[in-house]
Asker: 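First, the structure itself, so that you have it in front of you.
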Amino acid sequence: MSELRVLALEGTVFEHRLANGRNAGTSETQTENIVDLSTMEQMLLNVVSAGRHKPEHIKHHHVQAFLPYAREFLGMLEEIFSAEWVVKPASNRDPFRRVFVHGWPFALKAIALAYHQARIDKLGPLAGAIGAKDAGLTVAEAFLAKTRELEADWAETPSVSLDELKERLARVDWRRYRKHWVDITSVSIKHGKPRTFRLKETGEEQVIAMAPNTAAAIGSVKDRLLSANWEALCSTVDHPISELSA
């Protein structure tokens, strides 16, 4: 898994921007790192197998088969989001994690799951062949043989194409305080009232949304991105400060 991660990150916006326990972390106000090492590995596992496998299941002989998809996924994220992952924001701009959902693990993991679905016709057989064994073959040969066997009968097709997924990601309004995100994540509450902050750029007061790194939140985001009603995520309606989250 570490080999796949290193090769996939090479030359991308994520290279040298992973929190590893020895450098700056990934708090709301920290901007040097985009994600931590654990999150990146989970993102790549979601790309590879929709999270059905653990890091130790990914072996050296799997790397070249999955590397093109891992790089395609990270390249997609870079193309759509990197302009907002600024290391040194201007004095009138907030750190990206304070403003944008796509700076948080639950959203990036969900996008990785959506990507897997958009490439299910290619990744499905590969993922299904992980762990394949045959007494007469090496593990690498067994993996290739099982992949070909699964490819021959593979019927599942993407519910959303990769191009369509990219278009959706580019059109979604990722600001954390939009109502559609707070409906998923809930809002931070103090003394029975929503906590708020003021945007440096405009001075507007907005609710402080939560960023739950849970299976429920990840699954909800993935499902919405792939649903027929995905455009609800494009709304520019802010969550009312006077209302508690549902």
Asker: For the CG atom of Leu74 and the CG atom of Leu9, what is their distance to the nearest 0.5 Å?
Answerer: 6.0 Å
Asker: Run the side-chain contact (heavy atoms from CB on, under 4.5 Å) check on Val160 and Trp230 step by step: do they pass?
Answerer: CA-CA 11 Å; Val160 173; Trp230 69 275; over 6 Å; no
Asker: Looking at side-chain heavy atoms only, is the closest gap between Ile120 and Thr157 below 4.5 Å?
Answerer: no
Asker: Give a yes or no on whether Phe106 and Leu37 share a hydrophobic cluster (residues Ile, Leu, Val, Met, Phe, Trp, Tyr; joining criterion: side-chain heavy atoms under 4.5 Å apart).
Answerer: yes
Asker: Kindly say whether Tyr69 contributes a backbone atom to a donor-acceptor pair with the side chain of Tyr115 at under 3.5 angstrom?
Answerer: yes
Asker: Drop me the distance from His62's NE2 to Glu3's CD, to the nearest 0.5 angstrom.
Answerer: 12.0 Å
Asker: Mind running side-chain contact (heavy atoms from CB on, under 4.5 Å) on Val221 and Val101 for me, showing each step along the way?
Answerer: CA-CA 11 Å; Val221 175; Val101 170; 5.9 Å; no
Asker: Kindly indicate whether the side chain of Ile34, heavy atoms from C-beta on, has any atom under 4.5 Å from the side chain of Thr26.
Answerer: no
Asker: Quick check: are there more than 12 heavy atoms from other residues, nucleotides or ligands sitting under 6.0 Å from CZ of Arg195?
Answerer: no
Asker: Nearest heavy-atom pair of Thr185 and Ala209: which atoms, and what distance?
Answerer: OG1-CB, 3.9 Å
Asker: Can you get from Val35 to Val87 by hopping between Ile, Leu, Val, Met, Phe, Trp and Tyr side chains that sit under 4.5 Å apart?
Answerer: no
Asker: With a 4.5 Å cut-off on side-chain heavy-atom distances among I, L, V, M, F, W and Y, is there a chain of contacts connecting Leu67 to Val6?
Answerer: no
Asker: Measuring from Met40:CE to Asn33:CG, what's the distance to the nearest 0.5 Å?
Answerer: 10.5 Å
Asker: For Thr196 and Glu205, which I'm curious about, is there any donor-acceptor pair between the side chains at under 3.5 Å?
Answerer: yes
Asker: Between Thr39 and Met43, is the side-chain contact (heavy atoms from CB on, under 4.5 Å) condition met? List the steps.
Answerer: CA-CA 6 Å; Thr39 295; Met43 288 162 61; 3.8 Å; yes
Asker: Where is the tightest heavy-atom contact between Leu150 and Ala129, given as atom of each residue plus distance?
Answerer: CD1-N, 3.7 Å
Asker: Taking Ser235 for its side chain and Ala232 for its backbone only, find out whether a donor-acceptor pair lies under 3.5 Å.
Answerer: no
Asker: How long is the gap from CD on Glu201 to CG on Asn92, to the nearest 0.5 Å?
Answerer: 6.0 Å
Asker: Donor-acceptor pair, Ser220 side chain versus Ala216 backbone, under 3.5 Å?
Answerer: no
Asker: In Å, rounded to the nearest 0.5 Å, how long is the span from CH2 of Trp104 to CZ of Arg176?
Answerer: 5.0 Å
Asker: Are Glu15 and Glu10 side-chain neighbours, meaning at least one heavy-atom pair lies under 4.5 Å?
Answerer: yes
Asker: Is there a side-chain contact between Arg148 and Leu144 in this structure, where contact means two heavy atoms from C-beta onward sitting under 4.5 Å apart?
Answerer: yes
Asker: Identify the two heavy atoms, one from Ala70 and one from Ala8, that lie closest to each other, and give their separation to 0.1 Å.
Answerer: CB-CB, 3.8 Å
Asker: Would Glu149 and Lys146 pass as an ion pair if we require N to O under 4.0 Å?
Answerer: yes
Asker: Which heavy atom in Leu123 sits nearest to a heavy atom in Val47, and how many Å separate them?
Answerer: CD1-O, 3.2 Å
Asker: Under a 4.5 Å cut-off applied to non-hydrogen side-chain atoms, are Lys59 and Phe143 in contact?
Answerer: no
Asker: Within the distance-only criterion (no hydrogens, no angle test), does the side chain of Arg198 pair as donor or acceptor with the backbone N or O of Gly203 below 3.5 angstrom?
Answerer: yes
Asker: For Gly25 and Gln30, which heavy atoms make the closest approach, and how far apart are they?
Answerer: O-OE1, 2.6 Å
Asker: Do Arg178 and Asp238 meet the salt-bridge criterion of a basic N to acidic O distance under 4.0 Å?
Answerer: yes
Asker: Any side-chain to backbone donor/acceptor pair from Trp174 onto Gly103? Under 3.5 Å, distance only.
Answerer: no
Asker: Are Ile184 and Leu169 linked, directly or through intermediate hydrophobic residues, by side-chain heavy-atom contacts shorter than 4.5 Å (ILVMFWY only)?
Answerer: yes
Asker: Within the distance-only criterion (no hydrogens, no angle test), does the side chain of Glu141 pair as donor or acceptor with the backbone N or O of Thr138 below 3.5 angstrom?
Answerer: yes
Asker: With no hydrogens and no angle check, is any side-chain donor or acceptor of Arg168 less than 3.5 Å from a backbone partner on Leu225?
Answerer: yes
Asker: Decide side-chain contact (heavy atoms from CB on, under 4.5 Å) for Met1 and Leu45; before the verdict, give the C-alpha distance in whole Å, the side-chain angles of both, and the deciding distance to 0.1 Å.
Answerer: CA-CA 9 Å; Met1 187 65 204; Leu45 286 172; 3.9 Å; yes
Asker: Has Asp36 got a side-chain atom pairing as donor or acceptor with Ala19's backbone, closer than 3.5 angstrom?
Answerer: no
Asker: Is a salt bridge present between Glu28 and Arg97, judged by a nitrogen-to-oxygen distance below 4.0 Å?
Answerer: no
Asker: Is there a side-chain contact between Met76 and Ile111, using heavy atoms and a 4.5 Å cut-off?
Answerer: yes
Asker: Any side-chain heavy atom of Thr31 sitting closer than 4.5 Å to one from Lys88?
Answerer: no
Asker: Would you say the side-chain atoms of His102 and Trp85 include a donor-acceptor pair closer than 3.5 Å?
Answerer: yes
Asker: Main chain of Leu7, side chain of Arg71: is a donor-acceptor contact present, judged purely on distance under 3.5 Å?
Answerer: yes
Asker: Check Arg17 against Val86 and note the closest heavy-atom contact, atom names and distance.
Answerer: NH2-C, 4.3 Å
Asker: Could you state the interatomic distance from NZ (Lys222) to CD (Gln117), rounded to the nearest 0.5 Å?
Answerer: 7.5 Å
Asker: Does His116 offer a backbone N or O that forms a donor-acceptor pair with the side chain of Asn46 under 3.5 Å?
Answerer: no
Asker: Do any pairs count as a side-chain hydrogen bond (donor to acceptor under 3.5 Å, both in side chains) and have a residue in residues 121-135, sequence neighbours left out, and if so which ones?
Answerer: none
Asker: Check whether any side-chain heavy atom of Val13 lies under 4.5 Å from a side-chain heavy atom of Leu77, and answer yes or no.
Answerer: no
Asker: Do you reckon Met210 sits in the same ILVMFWY cluster as Val207, going by side-chain contacts under 4.5 Å, direct or chained?
Answerer: no
